[in-house]
There are 2 protein chains.
Amino acid sequence: MTATSKRDRILDSAEALFAERGYDGVTLRQIASQAGVDVALANYHFGKKIALFNAVFERRAALLNESRLEALRRVQESAAPAGPTVEQIIEAFLRPLELTQENADPGWRHYLALIAYVNNSTYWGKRMMSKLFDDLVHEFIDALRQALPQASDRDLYWCYHNLSGALTLTFAQTERIDTLSNGQCRSSDFQAAYDHMIPFVAAGFRRVCEPGE
Amino acid sequence: MTATSKRDRILDSAEALFAERGYDGVTLRQIASQAGVDVALANYHFGKKIALFNAVFERRAALLNESRLEALRRVQESAAPAGPTVEQIIEAFLRPLELTQENADPGWRHYLALIAYVNNSTYWGKRMMSKLFDDLVHEFIDALRQALPQASDRDLYWCYHNLSGALTLTFAQTERIDTLSNGQCRSSDFQAAYDHMIPFVAAGFRRVCEPGE
DNA sequence: GGCGGTTTTCAACAAGCGTTGAAACACAGT
DNA sequence: ACTGTGTTTCAACGCTTGTTGAAAACCGCC
């Protein structure tokens, strides 16, 4: 369950702490302490602190992209030649990350919170998001453009912005919705979040990007 | 235009820097330097660093809440007794913050980015969001409940979560959508963001919270 | 069982941090 | 001109930070 090599334990601890407190809110000594290693070991394996941060952020990115892209290809094949519906595309974008059991791999939960931290920050977002995620996002927007042939690019991108915002806040797992709803919703429950987000977002895309009646 | 008292200049600089780099990413010396004052002055006026952060966050909260609540009351009165539509309620939630000219008061732009930072963080969100914003949010959810009488509370809150996420990412002004859309959308253009967000979100609420056909 | 290379710790560095007490300044009221 | 009060600066404190070079421990291999 827990990583065995000290190098991986450093990555895991850094992932959890960076996600909770941000890059500057965490010290190498905290990371090393939580990983049960000496502070100099982080330097030996990763060099500077910023390089450790990059290593954490890049570690799971490829896997995440593959899993999403595979889900997209699957609905594209199953729906050929008409092409998948908006709902199917959104679902392919969200579901691969479901972590179905609520106690699933905490590493991934921390990683998603870290994505939220980066994506919501001008400073970090500019440095780290585009390189790793732009290609995949454009794949999904292309698919949406096909499903919504009358949509302008501008409308499509603004709709994607709304989707990205809702997803980012879900990734952040802030428990704010838990407080607001007095416990009726739990931000740790990704499945419930996606169950509501998919029809919500799909309806939004249709309303903005399909010809009015 | 620029604040005249040194106390206010400290608040303005802190607001801008905290919004860009987060609480731990900014030093009191940077804040003092940007404000053109000695570092000890921040301590004289606000005490500890965390108290300065709180002062920045609370400074504009009441005004923001009043402006939103007033907008809600206005549509409630103009639409009585039937009650306002979902679109009208969402509009009242968003528009007060439009900052219509794109170069409008940079202080408010920084403040909105700071809200995004706090709302997207578990650590800061738990400490700062509920106390200042829960009452207002519940006012809006009550209004939405009336406009969507068949909705369950759970559905309403999950929909609000989606709205809040889209709005939070807009507040963050990360310029990510600028990059993705190759300049066709600009995240500094709040008016365009809201023009697309209002129908998008309203359609989402209706789809999730109104009886299916 | 000693050797070579990798991994890990130890001990320490200079730099920068938040914070503070006392001194200097500004300036109103008398 | 003097005093008193609220501002602002100065200079320094103790502490933590990221980083580093050298020493120690580990481990497969001859």
Side-chain angles (χ1 to χ4, degrees), chain A residues 1-59 107 110 114 117-118 121 123-124 126-128, chain B residues 1-59 107 110 114 117-118 121 123-124 126-128:
Chain A
M1 182 62 64
T2 312
T4 168
S5 95
K6 297 198 172 187
R7 185 177 190 281
D8 288 345
R9 293 218 306 271
I10 292 173
L11 284 169
D12 290 343
S13 300
E15 187 174 58
L17 290 166
F18 283 146
E20 196 191 345
R21 297 298 310 269
Y23 177 78
D24 300 291
V26 176
T27 72
L28 289 172
R29 283 173 171 82
Q30 290 176 275
I31 294 170
S33 159
Q34 181 163 123
V37 304
D38 185 87
V39 61
L41 193 58
N43 222 267
Y44 169 74
H45 281 299
F46 302 100
K48 314 259 177 216
K49 182 186 183 186
I50 185 67
L52 170 59
F53 189 67
N54 284 323
V56 168
F57 196 67
E58 289 170 14
R59 176 167 60 151
H110 300 149
L114 187 65
Y117 167 73
V118 169
S121 146
Y123 183 79
W124 294 109
K126 281 191 180 174
R127 282 162 181 71
M128 318 191 66
Chain B
M1 182 63 62
T2 312
T4 168
S5 95
K6 297 198 172 187
R7 186 176 189 281
D8 287 345
R9 292 217 307 269
I10 293 172
L11 284 168
D12 290 344
S13 300
E15 186 174 58
L17 290 167
F18 283 146
E20 196 191 346
R21 297 297 310 269
Y23 177 78
D24 300 291
V26 176
T27 73
L28 290 172
R29 284 172 170 83
Q30 290 176 274
I31 294 169
S33 160
Q34 181 163 123
V37 304
D38 187 87
V39 61
L41 193 58
N43 221 265
Y44 169 73
H45 281 298
F46 302 101
K48 314 259 177 215
K49 183 186 183 185
I50 185 67
L52 170 59
F53 188 67
N54 284 323
V56 168
F57 196 67
E58 289 170 14
R59 177 167 60 150
H110 300 148
L114 187 64
Y117 166 74
V118 169
S121 147
Y123 183 80
W124 294 107
K126 281 191 180 173
R127 282 162 180 71
M128 317 191 65

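Below, chains carry the letters A, B, ... as their sequence lines are ordered, and counting in each starts from 1. We use all heavy atoms of the structure for the numbers below, so side chains are in, but hydrogens, waters and symmetry mates are not.
- Scanning residues 19-37 of chain A for heavy-atom distances under 4.0 Å to DNA chain C yields A:Arg29, A:Val37.
- At least one donor-acceptor pair under 3.5 Å links the side chain of B:Lys49 to the backbone N or O of B:Tyr23.
- In terms of heavy atoms, B:Ala14 sits closest to B:Val56 at CB-CG2, 3.8 Å.
- Closest approach of A:Gln30 and A:Gly25 over heavy atoms only: OE1-O, 3.8 Å.
- Taking the six-membered ring for Trp and the full ring otherwise, the centers of B:Trp124 and B:Phe53 sit less than 6.0 Å from each other.
- One interatomic measurement links the two molecules: CG of A:Leu41 to C1' of C:dA11, which rounds to 16 Å at whole-angstrom precision.
- Between A:Phe18 and A:Tyr117, the gap from one ring centroid to the other reaches at least 6.0 Å.
- The distance from atom CG of A:Leu17 to atom C1' of D:dG18 is 16 Å, rounded to the nearest whole Å.
- Of the residues in residues 43-50 of chain B, B:Asn43, B:Lys48, B:Lys49 come within less than 4.0 Å of DNA chain C through at least one heavy atom, sorted by number.
- Checked by atom type and distance alone, the side chain of A:Arg21 never pairs as donor or acceptor with a backbone atom of A:Val26 at under 3.5 Å.
- Remark: C1' of C:dT7 and CG of A:Asp8 are 14 Å apart, rounded to the nearest angstrom.
- Between the CG atom of B:Asp38 and the C1' atom of C:dT19 there is a distance of 12 Å, rounded to whole Å.
- With a 6.0 Å cutoff to the six-membered ring centre and a 45° limit on the axis angle, A:Arg127 counts as a cation-pi contact of A:Tyr123.
- With hydrogens and angles ignored, the 3.5 Å screen pairs no side-chain donor or acceptor of A:Asn43 with any backbone N or O of A:Val39.
- Between B:Arg7 and B:Val39, the one whose closest nucleotide on DNA chain D sits nearer the 5' end is B:Arg7.
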